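Let me begin by presenting the structure, written as structure tokens, before commenting on it.
Model, not experiment: these values are computed from the prediction. Order of the sequence lines sets the chain letters (A, B, ...), proteins ahead of strands, with each chain counted from 1.
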Amino acid sequence: MQPFSFEVIKTCAQTGARLGVLHTPHGDIETPCYMPVGTRATVKAMSPRDLLDVDAPIILSNTYHLYLRPGHELVREAGGLHSFMAWPRPILTDSGGFQVFSLGDTNRVYEDGVEFRSHIDGGKHLFTPEKVMQIEQALGADIAMCFDECAPYPSDEPYTKAAMLRTHRWAKRCQQAHTGHDQALFGIVQGGMYASLRIESAKAIADMDFIGNAIGGLSVGEPKGMMYDMLEAMMPFMPPGKPRYLMGVGSPDCLIEGVIRGADMFDCVLQTRIARNGLALTHFGRRMLRNKEFARDFSPIDENCACYACKNFTRAYIRHLIKAKEILAAQLLSIHNIYYTLHCMKEIREAIKEDRLLRLRGEWAARGGMD
RNA sequence: GUGGGUAUAGUUCAGAUGGUUAGAAUGCCAGAUUGUGGCUCUGGAGGUCGUGGGUUCAAAUCCCAUUACCCACC
């Protein structure tokens with residue numbers, strides 16, 4: 001039996017949305033799905049027990065960070081990421097392509113790869129497609145991402161095109177260097193904010209026949225409308241029989257807009273990052289629980305939520321924890337934000353099943369949940 | 001009781017020789033955050049300079065008195 005397969009169970013009658021299941025060695029993932037981010041082999045402020053409790057189907061981790069610390073060979077010695085971090089469900093590792101460019105202050109791009117300095121100790125390193133494949137295979141996630149170049153926003157067309165073509169060549173090298181069948185490799189489409197490049201990139205990556213295809217280089221600071229335009233331009237060229245992963249997205253509004261345009265997988269640090277700063281996502285929009293208006297508010301974070309934090313604690317208590325800089329504030333808000341986002345995805349899947357995805361979007365907008 | 005010291009933002013403190021609108025940190029209030037350099041960044045409000053006199057064109061700053069607290073000695 002194939003360790004990986006993707007079934008499209010239903011295609012939405014009104015939009016480009018699809019309902020599907022992605023089968024992996026560590027379990028099945030219903031799509032569209034949201035994947036919490038655990039950059040350094042931990043979803044910040046959440047234990048695997050918390051993640052199972054909110055029923056996260058899959059989590060992300062990061063090649064760049066784990067390579068620098070503790071080192072991929074150490075993770076291999078530990079028996080791979082699943083064993084090392086005690087997470088039984090699927091894992092996807094990002095390739096580090098994004099981090100090399102967003103974190104490395106002195107990186108240099110060559111045809112062979114990228115030379116960068118560690119943000120931890122300043123040490124010099126070289127990432128090539130082959131090296132990244134070696135690292136990702138040592139980490140042993142279910143899904144590995146190709147090493148790509150994410151051009152910064154804004155970038156001019158000539159540079160964006162050069163980075164895109166380099167990404168295609170690197171994708172080919174990743175594919176050749178990637179061996180074994182217990183890990184799926186996904187290709188990444190680039191092309192910046194140029195529709196013609198997006199289409200060209202989608203076709204090129206599709207031709208390489210990866211198990212799944214990702215959309216990179218979006219949600220990097222551009223207006224949301226621009227991101228949606230890019231998705232609409234490229235989606236007809238993204239193979240319908242394979243999962244489409246929109247990298248780095250997103251907030252609840254971007255999730256439903258992405259699904260409507262045909263994306264199946266999403267990841268985003270927003271949920272856990274804003275949780276650590278006292279912000280909760282709710283059915284009625286974002287709530288800054290740090291604010292004084294909640295000092296004597298003894299209702300739950302979100303009155304319509306069934307998560308552990310909402311069932312047991314009040315806004316007043318969580319505000320107190322935030323003001324006192326207690327760790328539990330980040331824990332409870334992370335649990336809530338992840339639970340809430342996973343719940344949104346569940347609502348989206350139900351709506352696709354019942355052909356009412358556009359109505360769901362209208363309902364979210366009406367109650368303020370798209371803010 | 002005697003001698004000395006301190007008193008400036010909610011708090012801890014900066015403010016040479018007197019000179020525009022008295023600063024910082026922290027706290028407080030509010031924003032930001034989208035393939036994460038975890039606990040960050042940005043902005044805002046907040047002070048009759050212990051009190052009362054005096055000198056001076058001008059006093060947080062110099063002089064006198066007074067109050068509170070701290071230290072030493074009796």
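With a glycosidic angle no further than 90° from 0, B:A16 counts as syn.
Within the 4.0 angstrom heavy-atom criterion, no nucleotide atom of any strand lies near A:Gly96. Nucleic acid contact for A:Leu279: base, since at least one base atom lies under 4.0 Å from a heavy atom of the residue. Counting any heavy atom pair closer than 4.0 Å across all strands shown, A:Arg319 reaches sugar-phosphate atoms only and no base atom. Nucleic acid contact class of A:Lys224 (heavy atoms, under 4.0 Å, all strands): base. Residue contacts shown for A:Arg69 are absent, as no nucleic acid heavy atom lies under 4.0 Å away. Across all strands, A:Asn291 comes closer than 4.0 Å only to sugar-phosphate atoms, never to a base (heavy-atom distances). Counting non-hydrogen atoms under 4.0 angstrom, A:Ile120 reaches a base of the nucleic acid. Counting non-hydrogen atoms under 4.0 angstrom, A:Ile327 reaches nothing in the nucleic acid.
Rounded to whole Å, the distance from CG on A:Leu321 to P on B:C39 is 19 Å. Rounded to whole Å, atom C1' of B:C29 lies 12 Å from atom CD of A:Glu293. In this structure, the CD1 atom of A:Ile274 is 20 Å from the P atom of B:U42, given to the nearest Å. Counting to the nearest Å, the P atom of B:G27 and the NE2 atom of A:His320 are 16 Å from each other. To the nearest angstrom, C1' of B:G43 lies 16 Å from CG of A:Asn277. Distance CE (A:Met345) to C1' (B:U34): 14 Å, rounded to an integer number of Å. Rounded to an integer number of Å, the gap from A:Ile215 CD1 to B:G35 C1' is 12 Å. Rounded to whole Å, the distance from NZ on A:Lys292 to P on B:A45 is 17 Å.
With both ends at atom P, the span from B:G27 to B:A68 equals 34 Å, rounded to whole Å. Using atom C1' as the reference point in both B:A60 and B:C13, the two lie 14 Å apart (nearest Å). Atom name C1', nucleotides B:U21 and B:G54: the rounded distance is 27 Å, in whole Å. Taking the P atom of each, B:A58 and B:U20 are spaced 14 Å apart, rounded to whole Å. B:A9 sits 6 Å from B:G46 when the C1' atoms are compared, rounded to a whole Å.
In summary, the side chains of A:Tyr339 and A:Asp53 do not present any donor paired with an acceptor at a separation below 3.5 Å, with no hydrogens or angles considered.
Base-pair partner of B:A72: B:U2 (Watson-Crick or G-U wobble, both distances under 3.5 Å). In this structure B:A22 sits in no base pair that meets the Watson-Crick or G-U test at under 3.5 Å. Across all strands shown, B:U66 forms a Watson-Crick or G-U wobble pair, both distances under 3.5 Å, with B:G50.
The residues A:Lys242 and A:Asp209 are annotated as salt-bridged, a charged nitrogen and a carboxylate oxygen being separated by less than 4.0 angstrom. The pair A:Asp55-A:Arg89 meets the salt-bridge criterion, with a side-chain N (NZ, NE, NH1 or NH2) lying under 4.0 Å from an Asp/Glu carboxylate O.
Each of B:U33, B:G38, B:U34 was ranked by its minimum atom distance to the side chain of A:His65; first place goes to B:G38. Side chain of A:Asp94, nearest nucleotide from B:A32, B:G35, B:U34: B:G35. The side chain of A:Gln190 sits closest to B:G35 out of B:U34, B:G38, B:G35. The side chain of A:Lys44 has B:G38 as its nearest neighbour among B:G35, B:G38, B:C29. Candidate nucleotides B:U33, B:C28, B:U34 were compared by shortest atom distance to the side chain of A:Met288, and B:U33 ranks first. Nearest to the side-chain atoms of A:Arg290 among the listed nucleotides B:U34, B:A30, B:C28 stands B:A30. Considering only side-chain atoms of A:Phe98, the nucleotide from B:U40, B:G35, B:G27 that sits closest is B:G35.
The nearest heavy atom of RNA chain B to A:Ala330 and to A:Gly216 marks one nucleotide each, and the one closer to the 5' end goes with A:Gly216.
Grouping the Ile, Leu, Val, Met, Phe, Trp and Tyr side chains by contacts below 4.5 angstrom, directly or via other members, places A:Phe266 with A:Phe98. A:Val249 and A:Leu279 are not part of a single hydrophobic cluster, where members link through side-chain heavy atoms under 4.5 Å apart.
In this pair, A:Phe116 and A:His125 present their aromatic rings parallel. The plane angle is below 30°, not in the 30 to 60° band.
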Item to complete: Just do the side-chain contact (heavy atoms from CB on, under 4.5 Å) check on A:His320 and A:Glu326 with the steps written out, would you?
Response: CA-CA 8 Å; A:His320 156 68; A:Glu326 282 292 341; 5.6 Å; no
